[in-house]
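For reference, the structure discussed in these notes is given below.
These numbers come from the heavy atoms of this one structure, side chains and all, not from hydrogens, waters or symmetry mates.
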Amino acid sequence: MSFVYPHSEIEAKWQKAWSDKKTDVADIANAKKPFYNLMMFPYPSAEGLHVGNMYAFTGTDIYGRFKRLQGFDVFEPIGLDGFGIHSENYAFKVGKHPVEQAKRSEKNFYRQLSLIGCMYDWSRTVQTYDPGYYRWTQWLFVQMFRHGLAYRAKAEVNWCPSCKTVLADEQVIDGKCERCGNLVEKKALEQWFFRITAYAGKLLENIGSLKWSEKVLSAQQNWIGKKEGINITYPVVDEKGENIGEVVCFTTRPDTNYGATFVVLAPEHPFISVLQRVIKKEKADAITQYITKAKKVSSQDRIAHGRKKTGVDTGLWCVNRLTGQKMPLYVSDFVVMGVGTGAVVGVPAHDERDYAFAQEFHLPIRKVIGWKGELHIVIPKQFVIDKSISNLTSPQVFVEEREATIAVVCGIDSSNEVISCMQELFRKSDGYAYIDGDMSGLVTKEGIITQEHDIAEFFSERHINVNEVWPAYKDSYPFCYTGDGYVVDSDFLNGKATEQAIPLMMDYLEKNGWGKRVTSYHLRDWLISRQRYWGPPIPMIHCVKCEAAGKGERSDTPGWYTVPDDQLPVELPYIEDYKPGDDGIAPLAKHKEFYETPCPGCGEVAARETDVSDTFLDSSWYFLRYPSIGSASENNAPFDPKVTKKWLPVTMYTGGAEHSVLHLMYSRFVTIVLKEWGYLDFEEPFPNFFAHGLVIKEGAKMSKSKGNVVNPDEYIKLYGTDALRLYLMFMGPFSEGGDFRDSGMEGMHRWVNRVWRMATSSLEVSTDIVMSDIVVKNLHKTIKKVGEDTSRRHYNTAIAAMMEFTNCVADNNGTLTLPMLKDFLVILAPFAPHLTEELWARAGGEFSIHTQAWPKYDDTYLVEQSVPVVIQVNGKLRDTVHIDIESASDQKKVEAISQASEKAQKFLAGKKPKKIIFVAGKLINYVV
RNA sequence: GCCGGGAUGGCGAAAUUGGUAGACGCGCAGGUUUUAGGAACCUGUGCCGCAAGGCUUGGAGGUUCGAUUCCUCUUCCCGGCACCA
């Protein structure tokens, strides 16, 4: 029965052969053209892989196999990120000890991974829970500490009451735990942090050199969130004018500071306890009461937009040294301690939140941005009113007629005058007074108006292209500003544009010693410790005596010592009470036999750190480990310098976009510091990162929690790995993912059988059959297209091209000569490795098809003898004629041919063409 | 709100420089073969229309002989950030 492809038997046969002959084991030492093709390793949080995982691995594997056929020495490793909260939670769920479950998961994941036919180098795997691996994860921690990048701090941290551990900021999504979805609480705990913020500038700067997708780059940029501003110091005085202290406010808009009318402190601000000592008791009590209430509001509610502003007056004032004016000092929960300095200077005229607060507490509103100098107002001709509008307003308004517009140029400097002028103008035009307020985005009774939107709507409703009526729209059209304009009522800044005013004001404040420029980032330090069991113990020792004596490995962290390198790894002991408690105390803290250890400083009894490190630390460096496995220095260094120089950075990294800010940011940080410490000679681990799409099932991302996972095992059994691989890749471009459907799967199974039949019948005929030209040409075309499409990961169109080829063969006798069949098998090999290996062997090819060279195509075959030429009349298709390539390039000949076309003549009859457009070899277009 | 990405038949999608919109596949309809089912093969298949022809790439405008592709505006969907001062 050679009509049906016997997938099970063939897959098993070749998987064994590849393994026996070490086809996929990379020659790390001798490779001439190293290509490190890496995919994000899976974390075994479920019983096995689903087709979503398989999609990602297959798409990466096809690229690796393609590169190998192109002559690269491809290294494609796999491992398991099984040390951490996801795997631990899964172990709890199935009621197994994490140690036992890790063994089970490993077995099952590796079984499945070997079934999907990827060219993994099984001689070099990484399991993050192996002591031989986490020894170096701990080493990394030790290095961080020794270089002053690991520190302890008592901080309000995110605490997940369900997972019973702290979470990094990155692991909190909308106030909820990334893992379990429970609301996250704040808890004050002493924790270990990595000083990633010290590298915020570097992380941002290097983004420019990365060949990543926009989506991922902008996510990283947003997360780093660079802001340039100034910290302004305001003296605080009481009603008698006596100085009480000072408050520092961060702002990015110091140019509006003449319009500042109040200052607000976050409820957590440390200055509150200072001021409470000097103010009247009832005021202090009111503040305490407010703060107590504010703390009860969940962080989710607190950051909710448009919430009614609340607050309490301290009865004190901040002095705006620019004006000498006293600004009342408030406490309000709309100010967050973690943002800026936790104190905000309120400029209600130019900030929505400040405005809302000022309204609530009846605080003054001072406008300091207006329009000055020349103002160009453009009105489409059809709405132009008579020129008498020039009489409407202040002296220098005049009307200038343009081709399609009227420009009004005002030489006035009061924003209010301009506004009334504008209002009148638009009222006259078309009776449409659509601007009901202030031109500069200032405050009106109705609130803040963003003029840009209004004007855009105005023109859009009338189907007018703004660019056309006013070409310089972008530069001079006032409506395109949103709140930016020219400074007014601000002394030395008057008349300056916002962009100029900001640095001028910063200079001025700094010169007077009232402020200091700062660059702030949204990025926070990486919270590293976890009060959990299943992770690498943090390799630190704490000695109470040394701390009391002010001694320690580092003067800034008395009492703390790193575990000496020769004592690493600090092995995670097997314990029975591994579940986390509600108290924030780690499971290991209940095991004296674990934590009691001599102090490396004084030799007295000290205690090991009992927290473990975050999973993301395990995966922040794993890519450095793979190539070095099996090298001489494997056991005395995390990675071999020679091997690393040859194989890193990773040539091509592929993974899910969901790791845009977590794993990718941490890996970049770790690589940057390893370079700084002299261990590496590059800063960026992944110069090329490809974010693959997600597999959707029934409209949702495939995930265990949604209950829509599809296990690849049954499909592999039914249709074979190759058919499943092809189907997954055929759904759409690899970057886009796709919707998994059974019916599509069957269609691909059909094609695999068609290929099988085409090949086996070609082998039966096997004599020197004469191939039709069409098929020969088509093969060359297909080799070219499959190569190009595979390069850019458009596997779907590469597969479509191969389908077209088999259709073409079927239409022409259904058989191929041996050399043509072999070429076709090679280009199909990355997609269907087993099927092609079998057919290759039957065609007499030498093992293995996967180490052959990608076939060359001959350009001369790509030139068509006859081409279709399109005849258009007024740009509309009227006829298509097939003519030889030479005539098709000759305008006279094409004209003659088109004259003879009945279909075209029907539309040309009696009309004289005004113009004839001719594109050689493509089309002729008569304009009549 | 800000920053990214996207929208094309009944469905997944294609169109690499502005030049035949819908390749390839699924589904559907009809047929051949088969005791039946399945499988395989053949034909058709964007929409309206008997046809001639007209319409059609989320929507509105524009540039062009010609726009899925370029420009302006807009709606909706997906992702990231967010009382960020």
Legend entry - Atom pair distance, as rounded to whole Å: CD in A:Glu736 and C1' in B:A14: 13 Å
Inset, instruction - Please tell me if the side chains of A:Lys227 and A:Tyr521 come closer than 4.5 Å, counting only heavy atoms from C-beta onward. - result: no
Legend entry - Strand partner of B:A29, provided both Watson-Crick or wobble distances fall under 3.5 Å: B:U43
Inset, instruction - Kindly say whether the aromatic ring centers of A:Tyr330 and A:Phe357 come within a distance under 6.0 Å. - result: yes
Legend entry - Identified pairing partner of B:G61, criterion: Watson-Crick or G-U wobble below 3.5 Å: B:C71
Inset, instruction - Can you tell me the distance, in whole Å, between the CG atom of A:Asn753 and the C1' atom of B:C41? - result: 14 Å
Inset, instruction - Provide the closest heavy-atom pair for A:Leu724 versus A:Tyr715 in the form atom of the first, atom of the second, distance. - result: CD2-CB, 4.0 Å
Inset, instruction - With the side chain counted from C-beta on, respond yes when A:Met505 and A:Leu322 share a heavy-atom pair under 4.5 Å apart, and no when they do not. - result: yes
Legend entry - C1' atoms of B:G4 and B:A85, separation to the nearest Å: 24 Å
Legend entry - Interatomic distance at P, B:C11 relative to B:C48, whole Å: 14 Å
Legend entry - Distance, rounded to the nearest Å, where A:Phe250 contributes CZ and B:C84 contributes C1': 8 Å
Legend entry - Separation of the C1' atoms in B:A82 and B:G66, to the nearest angstrom: 45 Å
Legend entry - Toward the 5' end of RNA chain B, by each residue's nearest nucleotide, A:Thr252 or A:Lys915: A:Lys915
Inset, instruction - Could you tell me the separation between the CG atom of A:Leu923 and the C1' atom of B:A21, rounded to a whole number of Å? - result: 15 Å
Legend entry - Touch class at under 4.0 angstrom, heavy-atom based, for A:Asn925 against every strand present: base
Inset, instruction - Check the distance between B:G53's C1' and A:Leu877's CG and give it to me in whole angstrom. - result: 13 Å
Legend entry - Validation row: A:Arg517, A:Asn231 side chains within 4.5 angstrom (heavy atoms): no
Inset, instruction - Describe the nucleic acid contact of A:Gln872 in one word from base, sugar-phosphate, nothing, applying a heavy-atom distance below 4.0 Å. - result: base
Legend entry - Given B:A13, B:A40, B:G19, the nucleotide with the shortest approach to the side chain of A:Val919: B:G19
Pull out every protein N or O sitting under 3.5 Å from an N or O of nucleotides 24-27 of chain B, one pair per line with the distance.
{"from": "B:G25", "atom 1": "OP1", "to": "A:Asn807", "atom 2": "ND2", "distance (Å)": "3.1"}
{"from": "B:C26", "atom 1": "OP1", "to": "A:Arg750", "atom 2": "NH1", "distance (Å)": "3.2"}
{"from": "B:C26", "atom 1": "O2'", "to": "A:Ser743", "atom 2": "OG", "distance (Å)": "3.1"}

Inset, instruction - Ignoring backbone atoms, test whether A:Arg757 places a side-chain nitrogen or oxygen under 4.0 Å from the OP1 or OP2 oxygen of B:A39. - result: no
Legend entry - A:Arg353 vs B:C84: side-chain N/O to OP1/OP2 distance below 4.0 Å: yes
Legend entry - Any A:Leu664 side-chain heavy atom under 4.5 Å of A:Val216 side chain: yes
Legend entry - Opposite nucleotide pairing with B:U34, Watson-Crick or G-U, both atom distances under 3.5 Å: none
Inset, instruction - Calculate the interatomic distance between A:Tyr795 atom OH and B:A14 atom P; express it in whole Å. - result: 15 Å
Inset, instruction - Just label B:G10 as syn or anti from its O4'-C1'-N9-C4 or O4'-C1'-N1-C2 angle, using within 90° of 0 for syn. - result: anti
Legend entry - Cationic N near anionic O, under 4.0 Å, A:Glu788 to A:Lys784: yes
Legend entry - Whole-Å C1' distance, B:U56 and B:G46: 8 Å
Inset, instruction - Remember a base hit wins even if backbone is also touched, and classify A:Glu788 as base, sugar-phosphate or nothing at under 4.0 Å, heavy atoms. - result: base
Legend entry - B:A40 to B:C76 separation - P atoms, rounded to the nearest Å: 45 Å
Legend entry - Counterpart base for B:G66, defined by Watson-Crick or G-U wobble contacts under 3.5 Å: none
Inset, instruction - Select one nucleotide: of B:A21, B:A85, B:A13, the one nearest the side-chain heavy atoms of A:Val336. - result: B:A85
Inset, instruction - For nucleotides B:C73 and B:A51, find the distance between their C1' atoms and express it as a whole number of Å. - result: 41 Å
Inset, instruction - Decide whether A:Thr233 and A:Trp514 meet the rule of one side-chain donor and one side-chain acceptor closer than 3.5 Å. - result: no
Inset, instruction - Answer with base, sugar-phosphate or nothing: what part of the nucleic acid does A:Val344 contact at a heavy-atom distance below 4.0 Å? - result: base
Legend entry - Residue A:Phe334, side-chain heavy atoms: nucleotide from B:C83, B:G19, B:A14 that is nearest: B:C83
Inset, instruction - Side-chain contact test, heavy atoms from C-beta onward, threshold under 4.5 Å: evaluate it for A:Ile230 versus A:Phe250 and give yes or no. - result: no
Inset, instruction - Using a 4.5 Å cut-off on heavy atoms from C-beta on, say whether the side chain of A:Ile916 contacts that of A:Gln891. - result: yes
Inset, instruction - With a 3.5 angstrom cut-off on both distances, give the Watson-Crick or G-U wobble partner of B:A52, or none if there isn't one. - result: none
Legend entry - Spacing of CG belonging to A:Asp354 relative to OG1 belonging to A:Thr261, to within rounding of 0.5 Å: 8.0 Å
Legend entry - A:Phe740-A:Tyr55 aromatic ring centre distance below 6.0 Å: no
Inset, instruction - Would you indicate, yes or no, if B:A82 has its OP1 or OP2 atom less than 4.0 angstrom from a side-chain nitrogen or oxygen of A:His522? - result: yes
Inset, instruction - For B:C24 versus B:U75, give the span between their P atoms, rounded off to a whole number of Å. - result: 38 Å
Inset, instruction - Verify whether one side chain among A:Tyr290 and A:Thr310 offers a donor that lies under 3.5 Å from an acceptor in the other. - result: yes
Inset, instruction - Could you state the atom-to-atom distance from CZ of A:Arg793 to C1' of B:U16 in whole Å? - result: 17 Å
Inset, instruction - Return the nucleotide paired to B:G18: Watson-Crick means purine N1 to pyrimidine N3 with N6-O4 or O6-N4, wobble means G-U with N1-O2 and O6-N3, both under 3.5 Å. - result: none
Inset, instruction - Under 4.0 Å between any heavy atoms, over every strand shown, what does A:Lys785 touch: base, sugar-phosphate, or nothing? Just pick one. - result: base
Inset, instruction - With a 3.5 angstrom cut-off on both distances, give the Watson-Crick or G-U wobble partner of B:C24, or none if there isn't one. - result: B:G12
Quick one: which protein N/O atoms are closer than 3.5 Å to N/O atoms of nucleotides 78-80 of chain B? Pair and distance per line, please.
{"from": "B:G80", "atom 1": "N2", "to": "A:Asn222", "atom 2": "ND2", "distance (Å)": "3.2"}
{"from": "B:G80", "atom 1": "N3", "to": "A:Asn222", "atom 2": "ND2", "distance (Å)": "3.2"}

Legend entry - Partner nucleotide of B:C2 by Watson-Crick or wobble geometry (both distances under 3.5 Å): B:G80
Inset, instruction - Whole angstrom is fine here: how far is it from CG in A:Leu728 over to P in B:G12? - result: 17 Å
Legend entry - Presence of donor-acceptor pair under 3.5 Å, side chain of A:Lys227 and base of B:C84: yes
Inset, instruction - Using the C1' atom as the reference point in each nucleotide, state the distance between B:G18 and B:C65 in Å, no decimals. - result: 12 Å
